[in-house]
Amino acid sequence: MFFFFFILSSTCFTSTEAYDPLDPNGNITIKWDIKSWDPDGYLAVVTINNFQQYRHISSPGWSLGWTWAKKEVIWNMVGGQATEQGDCSKFKGNTPHCCKKDPTIVDLLPGTPYNQQISNCCKGGVLSSWAQDPINAVAAFQLSVGRAGTTNKTVKLPKNFTLKAPGPGYTCGPAKIVKPTQFMTGDKRRVTQALMTWNVTCTYSQFLAQKTPTCCVSLSSFYNDTIVPCPTCSCGCQGTKSQSDNCVEPDSPHLASVVSNLGKNSLTSLVQCTRHMCPIKVHWHIKLNYKEYWRVKVTVTNFNYRMNYSDWNLVIQHPNFENLTELFSFNYKSITPYGTINDTAMLWGIKFYNDFLMQAGPIGNVQSELLFRKDKSTFTFEKGWAFPTRIYFNGDNCVMPPPDAYPWLPNTGSRREVSLLAMMMVSLVALVFYAFA
Ligand SMILES: *[C@@H]1O[C@H](CO)[C@@H](O)[C@H](O)[C@H]1NC(C)=O
Ligand SMILES: *[C@@H]1O[C@H](CO)[C@@H](O)[C@H](O)[C@H]1NC(C)=O
Ligand SMILES: *[C@@H]1O[C@H](CO)[C@@H](O)[C@H](O)[C@H]1NC(C)=O
Ligand SMILES: *[C@@H]1O[C@H](CO)[C@@H](O)[C@H](O)[C@H]1NC(C)=O
Ligand SMILES: *[C@@H]1O[C@H](CO)[C@@H](O)[C@H](O)[C@H]1NC(C)=O
Ligand SMILES: *[C@@H]1O[C@H](CO)[C@@H](O)[C@H](O)[C@H]1NC(C)=O
Ligand SMILES: *[C@@H]1O[C@H](CO)[C@@H](O)[C@H](O)[C@H]1NC(C)=O
Ligand SMILES: *[C@@H]1O[C@H](CO)[C@@H](O)[C@H](O)[C@H]1NC(C)=O
């Protein structure tokens, strides 16, 4: 039965999924509410909701584009701005904020003057994932549009919505007219409504975003001193390009200059040379076995010299998350992607403590310990049960070692509780691991 489960899950890793298997309904919704008609157009508030459970948009933030259906212009904006004004030479007197047929809008930065803000704006384009922080999973800006229709019959919906950043990977559908949004006044005694509302839904596909994985998993346990490494070439192979091009040795005397060389390769990531070549490695170590509980240590290591991950998150699937008893130094939330099966958890860093996963180097890692309560009928160290089924980092599927490589139990004493010898082994394994990992 377990083998069947593993075969099933390992086929999932290699298949190219059109949508995210853990988060099939997650999406980013863009909503336009027309608040008033103007002599030559309308005033609208655009709200961007990140409904994705565990995929956030980190700095430098979102960037939204569309194509106007007619000859619309943006007279002015609050809480956001068009990146280019375009050719407004036909206008005398008042000059529009943007005359481009296909404007690109970005958020304003925190600290924008109050008279240029609206609520939910000005976060530098950063959107939290819904599970992590729903209050900060929303962005908004206001725009007044000219040369547009001035009734709900003459307005033409903008076309070709595109999330240019953080894309690629996001695909937006067409705008659809929906029931006008209702707004509650501050004192909650009156409800007003938009004159017209349309929605656009954008969905993410890891397949579209990048063909190569960005993360891999390694495993170890106190009962076997083998450390099962990330599969070789999980995220790429050394030497496919010239080696100095795509990775750098940590003890290289040129490290500092290569890392800070923001020349032609400044946008590409620069990873440490490893057999897996992944920017992120997640290590799952079965640390201790108590009578009623067992304990796991999870370490996330950054191998990318050119990336700090802010607000990183992990999604881990393991049957025992149903009975997670304690978790140290990370935030935790149970998520139930399949409705009823309670075997998936989202973990993320604690603000100002370890929510920032520093670039590769001595402090480029974060770690936590998890304590699970055993259930006599399901708990076992056999057949890899104690290892996770899947792991995602920032929503991206991590490459797992093949199940037949998992650390084996020694033939005898498999079910014995932790002995002094095993305790000593733990420290030894941990030592070896930290010296060589
Ligand atoms: C987008 O996500 C929201 C919230 O999860 C959901 O209600 C809505 O149906 C989704 N839309 C589409 C088109 O999937
Ligand atoms: C439109 O989007 C908003 C969120 O931005 C959502 O609450 C609403 O349900 C959506 N309406 C439809 C009909 O999809
Ligand atoms: C446009 O407004 C009229 C009333 O002014 C309303 O009956 C109609 O449903 C609206 N149409 C749309 C598409 O919102
Ligand atoms: C849609 O937008 C994208 C990105 O801005 C652009 O490359 C593409 O040509 C546009 N398509 C149409 C039909 O306007
Ligand atoms: C990562 O953060 C540190 C500390 O804030 C900073 O010194 C470093 O330049 C950052 N690295 C990158 C690649 O942004
Ligand atoms: C979790 O605990 C409950 C109650 O003790 C038990 O029925 C269930 O099998 C346990 N689940 C796992 C995966 O150990
Ligand atoms: C899942 O487990 C968590 C933590 O044990 C618990 O709070 C939650 O109610 C469970 N949810 C379901 C759907 O069983
Ligand atoms: C530890 O596990 C490996 C497989 O990863 C196996 O080859 C080895 O024999 C095991 N060691 C012991 C002492 O069982």
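One-based numbering, in listed order, for ligands and for the atoms of each. Every value quoted in this text rests on a predicted model; they were computed, and no experiment measured them.
Note: W385 and W294 have tilted aromatic rings, judged against thresholds of 30 and 60 degrees for the angle between ring planes. Classified by interplanar angle (parallel below 30°, tilted 30° to 60°, perpendicular above 60°), the ring pair H283/H285 is parallel. Classification of the F330-W312 ring pair by plane angle, with boundaries at 30° and 60°, yields perpendicular. Under the 30°/60° scheme for interplanar angles, the aromatic rings of F303 and H276 are found to stand perpendicular.
Less than 4.0 angstrom separates some heavy atom of M358 from each of these atoms of ligand 5: 2 (O), 3 (C). Shown in contact with R306 at under 4.0 Å from a heavy atom are these atoms of ligand 5, numbered in order with element: 13 (C).
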Next on the checklist: Is there a ring pair (Phe, Tyr, Trp, His ring centres under 6.0 Å) between Y223 and F381? Walk through the geometry before answering.
Outcome noted: CA-CA 9 Å; Y223 53 76; F381 280 131; 5.2 Å; yes
Item to check | Stepwise ring pair (Phe, Tyr, Trp, His ring centres under 6.0 Å) check, Y309 with F393 | outcome: CA-CA 11 Å; Y309 294 88; F393 178 81; 5.2 Å; yes
Item to check | K374 and N323: CA distance, side-chain angles, deciding distance, side-chain hydrogen bond (donor to acceptor under 3.5 Å, both in side chains) verdict | outcome: CA-CA 8 Å; K374 288 184 186 172; N323 294 325; over 6 Å; no
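Residue Y305 has no N or O atom closer than 3.5 Å to an N or O atom of ligand 5. Geometrically, ligand 1 and T201 share no nitrogen or oxygen pair separated by less than 3.5 Å.
For ligand 6, the protein residues placed under 4.0 Å by at least one non-hydrogen atom are P319, N320, E322, N323, R373, D375, T378.
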